[in-house]
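It should be emphasised that the depicted structure is a prediction, and the values quoted were computed from it without experimental measurement. In this chain, numbering begins with 1 at the start of the sequence shown. For the numbers below, each heavy atom of this structure counts, side chains included, while hydrogens, waters and symmetry mates do not.
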Amino acid sequence: MKIVVATATQSGLDTLDMLRETIDIHMVLGLDGGQNKKKISGHADVSAYCQNAQLSYLGVKSYGLKCDQDQARLLSEEIDVLLVLGWQRLIPAWLIEHTKFAVIGGHGSAVGITEGRGRSPQNRASILGRSSFSISLFKIESGVDSGPVLMEKTFTYSQLDDIETSYFKTSWIMSDMMIELLNSSDPMRFDGLAQVGVPAYLPKRAAEDGRVDWGMSSAQIYNFVRGLTHPYPGAFTFLGEIRVNIWSLIPFDVPVDLLAYRPEHRTDVEMV
């Protein structure tokens with residue numbers, strides 16, 4: 001099969017790196033360099049990766065694949081399966097129809113794909129202190145994360161996991177599921193099972209949503225920071241008019257009796 005991978009992020013390259021040990025990749029689709037990379041969290045230089053790995057590379061001008069030139073170039077390629085890895089845009093209908101067997105993506109949520117569709121599910125799982133995360137391999141069709149589910153797996157979070165290690169775990173499990181799917185001899189492997197239940201969509205998070213609310217508990221602040229660290233803009237606060245980014249921290253509790261103690265309350269020493 002002619003398998004094409006679409007990716008623009010480091011997490012996508014991590015998945016690709018594991019895939020290509022077992023799966024023959026025909027071509028990798030990435031961004032040609034004209035886009036604003038600051039708006040793409042976790043952006044990676046896919047062109048350089050492909051050059052080092054000796055993979056065929058096609059750079060597109062439009063992240064949303066809305067450019068006529070991009071469309072013409074892709075329609076000239078034979079694509080049996082398109083794997084969408086760290087491509088943070090919807091795949092247009094014309095490319096879905098052009099792909100012979102299936103366009104396959106992965107979406108994760110602490111509450112499953114149907115109730116956790118949409119933006120930033122891993123960030124939210126960390127911020128809310130979830131203990132596990134489920135990843136669904138699904139067939140991309142029109143709509144947002146609404147296609148038939150091909151395979152599902154769940155991993156656990158430890159108290160030391162942050163958004164970066166969450167992505168590492170996701171890449172590992174995603175590659176494992178894709179290898180199993182693509183190596184399967186089942187003729188129905190790309191059909192999947194229709195999602196059931198009432199869908200819910202997570203809203204988009206913006207950089208300004210990262211301001212720390214110091215009224216939260218120590219545990220909540222810890223979860224908030226670890227859910228927004230690299231490759232995201234990070235949690236932040238203000239010291240006067242100076243913005244301070246917080247990339248990591250360690251929660252601790254201060255005993256009440258120490259909070260009541262102040263050096264100026266002592267009468268047996270001279271304060272200088």
- Query: For Phe138, what residues pass the ring pair (Phe, Tyr, Trp, His ring centres under 6.0 Å) criterion, not counting sequence neighbours?
  - Reply: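 Scan of Phe138 (ring pair (Phe, Tyr, Trp, His ring centres under 6.0 Å), adjacent residues dropped) gives none.
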Any sub-3.5 Å donor-acceptor pair from [X]'s side-chain atoms to [Y]'s backbone N or O?
{"X": "Ser76", "Y": "Arg73", "answer": "yes"}
{"X": "Glu115", "Y": "Gly112", "answer": "no"}
{"X": "Asp162", "Y": "Thr165", "answer": "yes"}
{"X": "Arg189", "Y": "Leu182", "answer": "yes"}

- Task: Check whether Met174 and Ile3 end up in the same hydrophobic cluster, where Ile, Leu, Val, Met, Phe, Trp and Tyr are linked by side-chain heavy atoms less than 4.5 Å apart.
- Result: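 As far as the 4.5 Å side-chain criterion goes, Ile3 and Met174 are connected within one cluster.
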- Task: Would you check if there is a donor-acceptor pair between the side chains of Asp145 and Tyr201 at a distance under 3.5 Å?
- Result: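 Short answer, no.
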Hey, are the side chains of [X] and [Y] touching, using non-hydrogen atoms and a 4.5 Å cut-off?
{"X": "Phe236", "Y": "Leu228", "answer": "no"}
{"X": "Pro231", "Y": "His43", "answer": "no"}
{"X": "Val46", "Y": "Leu13", "answer": "yes"}
{"X": "Thr99", "Y": "Asp80", "answer": "no"}

- Item | Arg20 side, atom CZ; Ile179 side, atom CD1 - distance, nearest 0.5 Å |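 Reported value, rounded in 0.5 Å steps: 12.0 Å.
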- Query: So, Lys61 and Asp70, do they make that salt bridge, N to O below 4.0 Å?
  - Reply: no
- Task: For atom CD of Glu141, decide whether the heavy atoms of other residues, nucleotides or ligands shown that lie under 6.0 angstrom number more than 12.
- Result: yes
- Counting only heavy atoms not in Trp172, do more than 12 sit closer than 6.0 Å to its CH2 atom?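 No - once you tally the heavy atoms of other residues, nucleotides and ligands closer than 6.0 Å, there are 12 at most.
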- What orientation do Phe155 and Phe133 show, parallel under 30°, tilted 30 to 60°, or perpendicular over 60°?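 Aromatic pair Phe155/Phe133 classed tilted.
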